[in-house]
Amino acid sequence: MQTRAAILWDKNTEWSVEDIELDDPKAGEVKVKLAASGLCHSDEHMVTGDMVIDKEIADLMGWKQFPVIGGHEGAGEIVEVGAGVTSVKEGDHVVLSFIPACGRCPSCAQGRQHICDLGAFLLSGRQISDMTSRHHSKNGEDLGTMCCTGTFEPYTVVNESSVIKIDDWIPLDKAALVGCGVTTGWGSAVNAAGVQAGDTVVVIGIGGIGMNAVQGAAMAGARHVIAVDPVEWKREKAVSVFGATHGAASIEEAQAMVAEMTWGANADKVILTVGTATGDLIGPMMGMVTKGGRGVVTAVAPVMQEDVKLNLFDLAMQRKELVGCIFGNANPRRDVTRLLRLYEEGKLKLDELITNTYSLDEVNQGYQDMRDGKNIRGLIKY
């Protein structure tokens, strides 16, 4: 079939909305009619090159990152299934999980679906099943899909491992957000940080991920939740809507605030959810962590980032923990539906996350608004 998609032909260029040809699903795959796609910062990392693998390495692995159809946060309806698909059928409503979960690899078997072995193919630009493409440009060139999903198009073909069936009555445009941002942020607090009742928590960077880390920390019963962001209206929204108790414009301001409210003991948990992680942020972040406390790095760093500034004596002698986090360290086949039930019961805020909506043709404007600090989460609606 013919459809349209937002394509990134190379890094440091704009998204190009073009007509494309979409193949039918092959064995183990499904075709999804999407209702909406979130504008996540991870796609911006493809634009800037932060998530672009060195070409020699990509060629060695048989990957082709460009051209790529963007988007990895979406929800829609199954309109066609390939041979052997058993977990969903035509007409089912689904959330696309940006990390596939096979349910059989060692990680999935241990309850760690966020590091499913199929995640190795997230940046490959090819279908999981056979490393070929179902998406083709108008001149016949194969197109990759961001995180094996490609939600910047009204129809897409994905592997069965990338879809999670949800209840039909949940609004699909809101459900789309749980495919990445909500689960990642909420899980950063609840799963990775392990926030407990009475904790003091600092969240650095209040965008689509950070705002949900605030939600998660508040829902877990944190006594103090400090939202750190230079954009004033985001700090205000974090306090008035999403459960933060305080706002700070900088890490330095947060450090002073935390020291005062804890009598110098510092924060139990600090979560880094800035747009781009850099090594110079780790030292100040861990400097706010109390003895035996935990720092969580959820923010994406450039793929070749290696230099980190950190006082190792302080890390060891105060028994602090520095941990990584992807997809909120969640089990998407369990947590996506669980979060949507919390939304149904009015305990998880999804509607309030959507700052602006866009058409597919407005995708570049949506990302400019993100860069300008105008969005918590922008949303493309089909």
Side-chain angles (χ1 to χ4, degrees), residues 1-3 5 20-37 68-69 71-109 111-136 142-173 175-176 178-180 183 327 330-340 382:
M1 65 174 290
Q2 286 192 333
T3 185
I20 69 162
E21 189 73 27
L22 181 64
D23 294 342
D24 293 334
K26 292 187 177 181
E29 299 173 351
V30 298
K31 183 182 289 183
V32 183
K33 179 182 179 181
L34 291 164
S37 172
V68 62
I69 297 172
H72 61 282
E73 185 179 87
E77 179 182 345
I78 301 287
V79 293
E80 188 176 350
V81 299
V85 172
T86 58
S87 64
V88 290
K89 63 183 184 305
E90 290 183 19
D92 282 349
H93 287 195
V94 295
V95 166
L96 272 62
S97 173
F98 89 89
I99 294 182
C102 72
R104 296 178 295 277
C105 70
S107 294
C108 285
R112 300 188 296 178
Q113 293 174 8
H114 54 279
I115 48 174
C116 173
D117 284 358
L118 292 179
F121 301 103
L122 288 183
L123 300 178
S124 69
R126 291 295 176 262
Q127 293 287 331
I128 298 169
S129 54
D130 61 3
M131 293 301 286
T132 62
S133 180
R134 306 291 171 266
H135 306 71
H136 315 281
D142 287 347
L143 301 170
T145 53
M146 178 70 173
C147 293
C148 307
T149 56
T151 60
F152 288 173
E153 52 182 328
Y155 290 86
T156 189
V157 170
V158 302
N159 193 274
E160 180 182 12
S161 300
S162 296
V163 297
I164 298 167
K165 186 180 183 301
I166 63 172
D167 294 322
D168 293 348
W169 54 83
I170 298 172
L172 285 168
D173 58 335
V178 186
C180 177
T183 308
F327 208 179
N331 289 304
R333 296 203 173 279
R334 175 175 182 261
D335 289 335
V336 164
T337 53
R338 182 166 63 142
L339 287 168
L340 289 174
Y382 298 113

Inset, instruction - In sequence, state the C-alpha distance, the side-chain angles, and the governing distance for Asp130 and Lys26, and then conclude on side chain to side chain contact (heavy atoms under 4.5 Å, CB included). - result: CA-CA 9 Å; Asp130 61 3; Lys26 292 187 177 181; 3.8 Å; yes
Legend entry - Thr337 OG1 to Ile166 CD1 distance, which is reported to the nearest 0.5 Å: 9.5 Å
Inset, instruction - Take Val68 and Thr145 through the side chain to side chain contact (heavy atoms under 4.5 Å, CB included) test and state the conclusion after the steps. - result: CA-CA 5 Å; Val68 62; Thr145 53; 5.5 Å; no
Legend entry - Note, Met131 side chain near Phe121 side chain (heavy atom, < 4.5 Å): yes
Legend entry - Separation between CE of Met1 and OH of Tyr155, rounded to the nearest 0.5 Å: 5.0 Å
Inset, instruction - Taking the side chain as every heavy atom from C-beta outward, state whether His136 and Asp23 have any atom pair closer than 4.5 Å. - result: yes
Inset, instruction - For the residue pair Pro332 and Ile99, establish whether any side-chain heavy-atom pair is separated by less than 4.5 Å. - result: no
Inset, instruction - Look only at the side chain of Gln127 and the backbone of Val158, and say whether a donor-acceptor pair between them is shorter than 3.5 Å. - result: no
Inset, instruction - To the nearest 0.5 angstrom, please state how far the CD1 atom of Ile128 sits from the OG atom of Ser161. - result: 5.5 Å
Inset, instruction - Write down the atom of Gly71, the atom of Thr149, and the distance for their closest heavy-atom approach. - result: O-OG1, 3.2 Å
Inset, instruction - State whether a side-chain donor-acceptor pair under 3.5 Å links Thr3 with Glu153. - result: no
Legend entry - Value rounded to 0.5 Å, distance of CD in Gln2 from CG in Leu22: 10.5 Å
Inset, instruction - Check whether any side-chain heavy atom of Leu96 lies under 4.5 Å from a side-chain heavy atom of Val163, and answer yes or no. - result: yes
Legend entry - Neighbour count >12 (heavy atoms, 6.0 Å) for atom NZ, Lys33: no
Inset, instruction - Write down the atom of Val95, the atom of Ala175, and the distance for their closest heavy-atom approach. - result: CG2-O, 3.6 Å
Inset, instruction - State, to 0.1 Å, how close Ser133 and Arg126 come at their nearest heavy-atom pair, and which atoms those are. - result: N-CD, 4.2 Å
Inset, instruction - Heavy atoms only: give me the nearest Ala330-Thr183 pair and the separation to one decimal. - result: CB-CG2, 3.6 Å
Inset, instruction - Begin from the C-alpha positions of Val32 and Val94 and carry the test side chain to side chain contact (heavy atoms under 4.5 Å, CB included) through to its verdict. - result: CA-CA 8 Å; Val32 183; Val94 295; 4.2 Å; yes
Legend entry - Check: Cys102 main-chain N/O paired with Arg104 side-chain donor or acceptor under 3.5 Å: yes
Inset, instruction - Examine His72 together with Phe98 and report whether their ring centres are nearer than 6.0 Å. - result: yes
Legend entry - Pairwise distance CG(Asn159) to OG(Ser129) - rounded to 0.5 angstrom: 6.0 Å
Legend entry - Test item: Ser97 and Val336 side chains (from C-beta on) under 4.5 Å apart, heavy atoms: no
Inset, instruction - Using atom types as modelled and distance alone, determine if a side-chain donor or acceptor of Ser107 lies under 3.5 Å from a backbone N or O of Ile115. - result: yes
Legend entry - Side chain to side chain, Glu160 and Thr86, heavy atoms closer than 4.5 Å: yes
Inset, instruction - Can you measure from CG (Leu340) to CG (Asp167) and round to the nearest 0.5 angstrom? - result: 8.0 Å
Legend entry - Any donor-acceptor pair under 3.5 Å from Asp92 side chain to Lys89 backbone: yes
Inset, instruction - For Val85 and Glu29, work out which heavy atoms get closest and say how close. - result: CG2-O, 3.4 Å
Legend entry - Derivation of the side-chain hydrogen bond (donor to acceptor under 3.5 Å, both in side chains) call for His114 and Asn331: CA-CA 6 Å; His114 54 279; Asn331 289 304; 4.8 Å; no
Inset, instruction - Check for a donor-acceptor pair, side chain of Glu21 on one end and backbone N or O of His135 on the other, with a separation under 3.5 Å. - result: no
Inset, instruction - For residues Arg333 and Ser162, report the shortest heavy-atom separation together with the two atoms involved. - result: NH2-N, 4.4 Å
